[in-house]
4 protein chains.
Amino acid sequence: MTQSKRFFSDNTASVCPEILQAIHEANRDLAVAYGDDPWTKRLDEALGAFFGTQVRAFALATGTAANSLALATLAPPYGAIYCHPEAHIACDECGAPGFFSGGAQLELIEGAHGKLTAEALAARLEAHSVSVHSVQPAVVSISQATELGTAYRPGEVAAICQAAHARGLSVHMDGARFANAVTYLGCHPGDVTWRAGLDVLSFGATKNGALGAEAVVFFNRDRVRDFELRRKRAGHLLSKSRFVSAQLLAYVESGVWRRNAERANALARGLGEAAGTRLLHPVEANEVFVDLGAAGKASLRAAGFEFYDWGSPASGAARLVASWDQDERHAQALRAALAAL
Amino acid sequence: MTQSKRFFSDNTASVCPEILQAIHEANRDLAVAYGDDPWTKRLDEALGAFFGTQVRAFALATGTAANSLALATLAPPYGAIYCHPEAHIACDECGAPGFFSGGAQLELIEGAHGKLTAEALAARLEAHSVSVHSVQPAVVSISQATELGTAYRPGEVAAICQAAHARGLSVHMDGARFANAVTYLGCHPGDVTWRAGLDVLSFGATKNGALGAEAVVFFNRDRVRDFELRRKRAGHLLSKSRFVSAQLLAYVESGVWRRNAERANALARGLGEAAGTRLLHPVEANEVFVDLGAAGKASLRAAGFEFYDWGSPASGAARLVASWDQDERHAQALRAALAAL
Amino acid sequence: MTQSKRFFSDNTASVCPEILQAIHEANRDLAVAYGDDPWTKRLDEALGAFFGTQVRAFALATGTAANSLALATLAPPYGAIYCHPEAHIACDECGAPGFFSGGAQLELIEGAHGKLTAEALAARLEAHSVSVHSVQPAVVSISQATELGTAYRPGEVAAICQAAHARGLSVHMDGARFANAVTYLGCHPGDVTWRAGLDVLSFGATKNGALGAEAVVFFNRDRVRDFELRRKRAGHLLSKSRFVSAQLLAYVESGVWRRNAERANALARGLGEAAGTRLLHPVEANEVFVDLGAAGKASLRAAGFEFYDWGSPASGAARLVASWDQDERHAQALRAALAAL
Amino acid sequence: MTQSKRFFSDNTASVCPEILQAIHEANRDLAVAYGDDPWTKRLDEALGAFFGTQVRAFALATGTAANSLALATLAPPYGAIYCHPEAHIACDECGAPGFFSGGAQLELIEGAHGKLTAEALAARLEAHSVSVHSVQPAVVSISQATELGTAYRPGEVAAICQAAHARGLSVHMDGARFANAVTYLGCHPGDVTWRAGLDVLSFGATKNGALGAEAVVFFNRDRVRDFELRRKRAGHLLSKSRFVSAQLLAYVESGVWRRNAERANALARGLGEAAGTRLLHPVEANEVFVDLGAAGKASLRAAGFEFYDWGSPASGAARLVASWDQDERHAQALRAALAAL
């Protein structure tokens with residue numbers, strides 16, 4: 001079977017064998033629906049072990065659902081949610097945070113390489129004159145890895161959490177590529193989350209080998225509040241929840257989270273090295289942002305490589321994403337093509 | 001492995017082999033995400049063939065999402081949605097129609113055996129004095145099979161559609177157990193849908209052998225409008241959509257929809273016959289509603305049978321649901337136990 | 001000046017001189033906007049004195065805003081609000097409770113003469129199987145006077161509050177015609193509100209002589225929560241709040257609330273006596289519901305009397321509303337015409 | 001009577017005699033409620049005459065309601081609304097646009113002196129990659145006068161409308177200080193609205209002498225759609241609508257709109273001249289933005305002048321607003337004090 005030379009997105013990847021196997025194993029018998037099954041019941045424990053602390057964890061099928069439900073639990077309908085202009089919640093979820101929260105407003109804070117800084121956050125919060133006329137600062141949301149393929153260091157997360165907590169805001173992390181970031185950082189999953197003060201994480205597995213499995217992980221269990229009711233009324237409580245929970249269990253317990261992320265990161269690192277000075281952002285996960293120029297883009301596409309323009313098609317910028325299951329030869333070919341540009 | 005004697009719900013059932021196989025087959029390579037894959041692209045055609053007409057079909061992971069997104073597409077935020085008091089949308093979706101629509105109001109219309117009648121609907125619409133002060137009649141939603149295990153005949157659906165359309169309302173069908181109803185009726189899937197005038201169907205596969213797969217099927221393609229945007233912002237556009245679409249394709253193309261429904265229906269019919277005069281509603285799908293009395297319920301439970309009370313636990317009413325994969329011996333045992341009461 | 005023979009609604013009435021005078025007096029100088037003015041600052045104290053207890057009170061321009069903001073403060077977006085099928089919030093506010101709350105669901109409970117009973121409420125709450133799948137019982141809303149012109153006795157309100165509080169629900173009263181009910185009952189305003197356990201009242205003045213002035217009065221001040229933020233983001237915080245607050249102060253402090261209600265009630269009572277056996281509900285406020293028959297309605301209209309059909313125009317039912325400023329001769333003429341039918 | 005030296009806001013101003021007189025005149029008799037009265041029925045005609053074209057106009061009590069209802073009529077719940085970061089809808093309405101629209105997202109575009117430019121708008125729209133993943137560009141909202149006291153020229157409005165319409169967006173104008181801008185520009189009200197292509201205007205009267213009266217004016221009558229239903233369910237349809245409509249009629253027909261704006265503008269112009277180089281923005285309406293320095297602010301306040309800091313209290317920036325009824329001596333005193341700094 002020939003595999004296409006797609007570097008569009010890690011969402012194009014297949015399901016890894018361990019996770020498919022877990023789905024099979026969860027299928028042996030009847031199981032109580034809506035999460036009252038053995039797999040779902042083990043989620044808190046398994047994710048707690050993964051993160052090294054007690055957590056409350058909820059299984060979901062999509063990342064937009066995870067982000068939006070987390071944010072709606074943290075922000076009132078008249079709340080303000082602070083994030084980077086490139087954040088997935090700001091650009092790629094069709095207004096989901098506003099829908100789920102009942103109207104909360106995004107407040108964008110610029111920052112280099114897709115990262116929000118504690119300083120910029122503190123300055124913005126300082127400048128926000130809070131009264132009954134304004135939206136009420138409620139949540140900071142950061143992405144790990146960021147939408148530009150960079151990773152927050154534990155100290156950066158801690159500084160953001162401190163700035164946010166000092167003013168009564170919660171901190172949410174969109175971890176659609178959490179495994180890639182942690183693998184790159186070489187740290188413990190707890191180091192960039194609860195140990196740094198994080199309240200809630202959208203913990204993604206789908207892009208890294210699952211079929212469709214994300215978890216909202218509450219480190220601050222006081223914030224769980226009405227999450228389960230919000231999930232249900234949004235149609236995100238799966239009747240056969242066991243099949244999502246089983247994916248998550250396999251993901252954290254078998255080590256595929258790290259193995260898959262390592263492979264994707266390594267391929268991306270190789271592409272980044274080949275791109276050299278064309279690189280727009282450090283490669284700290286499995287995404288590579290490059291300025292190829294119009295000719296460079298055309299040349300790669302002529303060679304069969306598929307990828308997205310980044311920003312306006314008129315610019316030379318492009319995004320190359322390596323997936324856990326990317327064909328080795330295609331990656332090598334792309335590496336060579338980049339080096340040859 | 002011993003299987004539990006669970007007659008709680010068809011949501012407890014496992015995934016049937018054909019559907020699991022389809023998931024495997026869809027996993028062979030990278031595929032473009034968010035529905036731009038070969039399986040999803042075939043949905044309209046495959047469901048069109050199944051229903052015998054042109055349709056627009058959208059894959060979803062849950063029935064609540066299917067119902068609510070369909071209703072939100074049909075009803076404005078100040079709309080009225082007419083349904084039976086036992087409707088899933090009224091009782092079991094935690095207010096999802098109000099959430100997705102931005103405030104639409106449910107208007108309940110009583111009817112025997114879980115069915116809304118065209119006469120009662122017409123009378124209610126006649127009595128509703130529409131002005132700027134009232135919610136605006138927008139949609140009628142009926143369930144097939146109903147929440148009390150009965151099935152609308154084609155003529156009944158047609159009469160409801162006629163009464164609704166005559167006043168400018170759309171008609172939606174919650175078909176979480178659509179296969180069970182059609183199998184019972186012995187009719188073509190088109191007979192109780194578009195041939196009867198239906199606008200939109202929530203077509204369920206999850207309860208009848210899928211892992212998690214529902215489709216919203218628009219027979220009236222003028223009504224599709226902004227469905228895709230609403231789906232996305234509700235977090236219901238799956239990144240790896242192919243795995244839901246592949247389930248739906250296998251479901252309608254392999255014939256498992258009918259085979260699974262026939263088996264569940266037959267088991268339920270047997271239970272209904274054994275229940276005799278204890279039966280509260282005709283058995284026209286895979287659900288059996290019986291008045292067991294407190295003693296009867298206790299006796300069955302003592303024998304290891306698991307099922308839900310129906311209504312107040314103080315009453316003697318119970319619901320017994322047969323699943324496509326129910327253990328034959330358990331069903332026979334329950335049948336015998338019912339007969340012995 | 002000739003006055004029209006309108007018995008449509010007390011919303012057609014004019015503003016009484018004392019209230020217009022209060023608006024003039026509030027206009028003497030600049031005053032800080034958005035409620036930080038001397039009149040608004042006195043609201044809590046003045047309404048507290050009126051009700052005989054400490055309150056938090058908020059001025060608003062419309063009754064729909066008062067009801068909906070009160071309900072949205074009391075009910076979560078997945079909450080259930082229990083009310084009579086004839087309630088203004090269910091029939092005449094275009095779905096406002098669903099809008100303001102973000103999706104809360106109305107649950108209707110029948111009762112004679114527009115009244116919900118504690119027994120029916122308790123039975124409904126008992127029957128509601130609460131789980132993550134259902135809306136969550138949150139609020140009971142009753143109207144005083146009811147939409148059928150009857151008045152809850154203090155003991156009836158107390159029983160409803162007791163039944164609600166026993167299950168953790170709040171109680172709201174739509175008091176658009178509160179003055180008419182209290183005047184009829186001959187009790188203290190506190191007797192049918194906080195002394196009976198009421199949490200929140202929409203206290204209307206507009207129908208009874210104000211220009212546009214309603215107050216949401218929280219007897220249970222723990223429930224105020226985010227009311228002010230919800231009011232602001234709904235566009236209901238008036239920049240020149242003093243002019244609404246001044247109306248409310250004049251309304252409760254000058255005694256016009258009682259004088260105006262007494263006059264309207266007396267006129268209605270007279271109409272009710274003339275209607276005799278045609279009366280459909282007891283006359284306990286300023287509304288009269290009569291079965292005039294088609295001929296009766298036509299005959300009154302031919303004589304120049306204007307009023308609304310009640311329910312279907314095909315029925316003989318009609319609603320006659322007496323306003324505080326109704327022309328005495330018109331009321332006598334209508335009385336005579338009713339007696340002559 | 002001594003008047004306070006308040007330069008906080010034109011919302012602190014009183015009601016001008018002509019408008020109070022109009023309220024009196026509207027109070028002579030019963031009038032049909034909810035807008036079916038002679039004053040409201042004349043609104044379209046009177047505002048049409050004022051603007052010199054056919055319009056549909058709706059009376060409201062607050063500017064936030066006018067803006068939000070207009071925007072919610074123009075933008076779908078997944079829409080994007082483009083505005084300046086200083087826009088009232090972004091900073092001072094507690095998230096109202098998100099609430100009324102059901103989740104629409106604000107997109108902020110910087111521009112000098114509070115103005116959005118057609119070039120910046122076009123560039124942003126060009127850069128926005130529209131797909132099912134993103135919010136859908138729907139409306140541009142500009143303020144006239146802007147929140148920084150400047151006025152858009154007819155050509156600037158026309159260029160913005162052209163850029164918006166070219167991409168299918170509507171254009172809304174927040175005209176809370178519309179009279180001040182038009183008076184400054186010396187143009188016809190139509191010149192900066194429909195003649196420049198504007199679709200919808202929030203036409204404010206409250207800040208300029210009314211008690212509480214704003215109109216949403218649709219120049220593009222195709223956009224009216226469901227405005228009336230949205231207004232009702234938001235609690236913004238006043239039962240005694242005649243009293244708001246009568247204010248609007250008096251405002252445009254008696255010429256007070258211009259007389260009041262001219263006086264406020266003249267006072268502000270005088271303050272601006274006195275401020276000299278401390279001026280932060282041109283004075284093109286009735287607001288004056290000055291950098292007074294900490295000492296300057298303290299000195300003015302010590303002299304009894306009241307005004308708001310602009311931005312952080314730590315900065316030296318302040319906003320001085322002149323109202324139509326500002327005491328001449330206070331304005332002269334402030335002028336002298338500014339000149340003396």
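The analysis underlying the following values was restricted to heavy atoms, covering all of them including side chains, and did not include hydrogens, waters or symmetry mates. Reminder, nothing fancy here: chain letters follow the sequence lines and each chain counts from 1.
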B/Asp36, B/Val32, B/Leu30 screened by side-chain contact (heavy atoms from CB on, under 4.5 Å) with A/Phe8, the one that passes
B/Val32

Closest heavy-atom pair, B/Gly235 versus A/Thr62, reported as atoms and distance to 0.1 Å, is O-OG1, 2.7 Å

Roughly how far, to the nearest 0.5 Å, is CG of B/Asp29 from CG of A/Asp325?
8.0 Å

Interface check, chain B: of A/Leu211, A/Leu238, A/Thr64, most non-hydrogen pairs under 4.5 Å belong to A/Leu211

Working to the nearest 0.5 angstrom, can you tell me the gap between B/Tyr34 OH and A/Asp92 CG?
7.5 Å

Separation of B/Glu93 CD from A/Lys232 NZ (nearest 0.5 Å)
6.0 Å

With side chains defined as the heavy atoms from C-beta onward, is the minimum distance between A/His24 and B/His24 less than 4.5 Å?
yes

Please work out whether the ring planes of A/Phe99 and B/Phe99 are parallel, tilted or perpendicular, with thresholds of 30° and 60°.
parallel

Residue, of B/Ala31, B/Ala65, B/Ala33, B/Ser239, that accumulates the most heavy atom pairs under 4.5 Å with chain A:
B/Ala31

Evaluate the side-chain proximity of B/Thr206 to A/Lys240: yes if any heavy-atom separation is below 4.5 Å, no if none is.
yes

Which portion of A/Asp10 sits near chain B, non-hydrogen atoms under 4.5 angstrom:
backbone

Contact part of A/Arg230 toward chain B, heavy-atom cut-off under 4.5 Å: side chain, backbone, both or neither?
neither

Output yes when a side-chain donor or acceptor of B/Arg233 lies under 3.5 Å from a complementary backbone atom of A/Gly98, and no otherwise.
no

For B/Ile23, the option from A/Val15, A/Leu20, A/Ile23 that meets side-chain contact (heavy atoms from CB on, under 4.5 Å):
A/Leu20

Given that the side chain runs from C-beta out, which part of B/Ala210 has a heavy atom under 4.5 Å from chain A: side chain, backbone, both or neither?
backbone

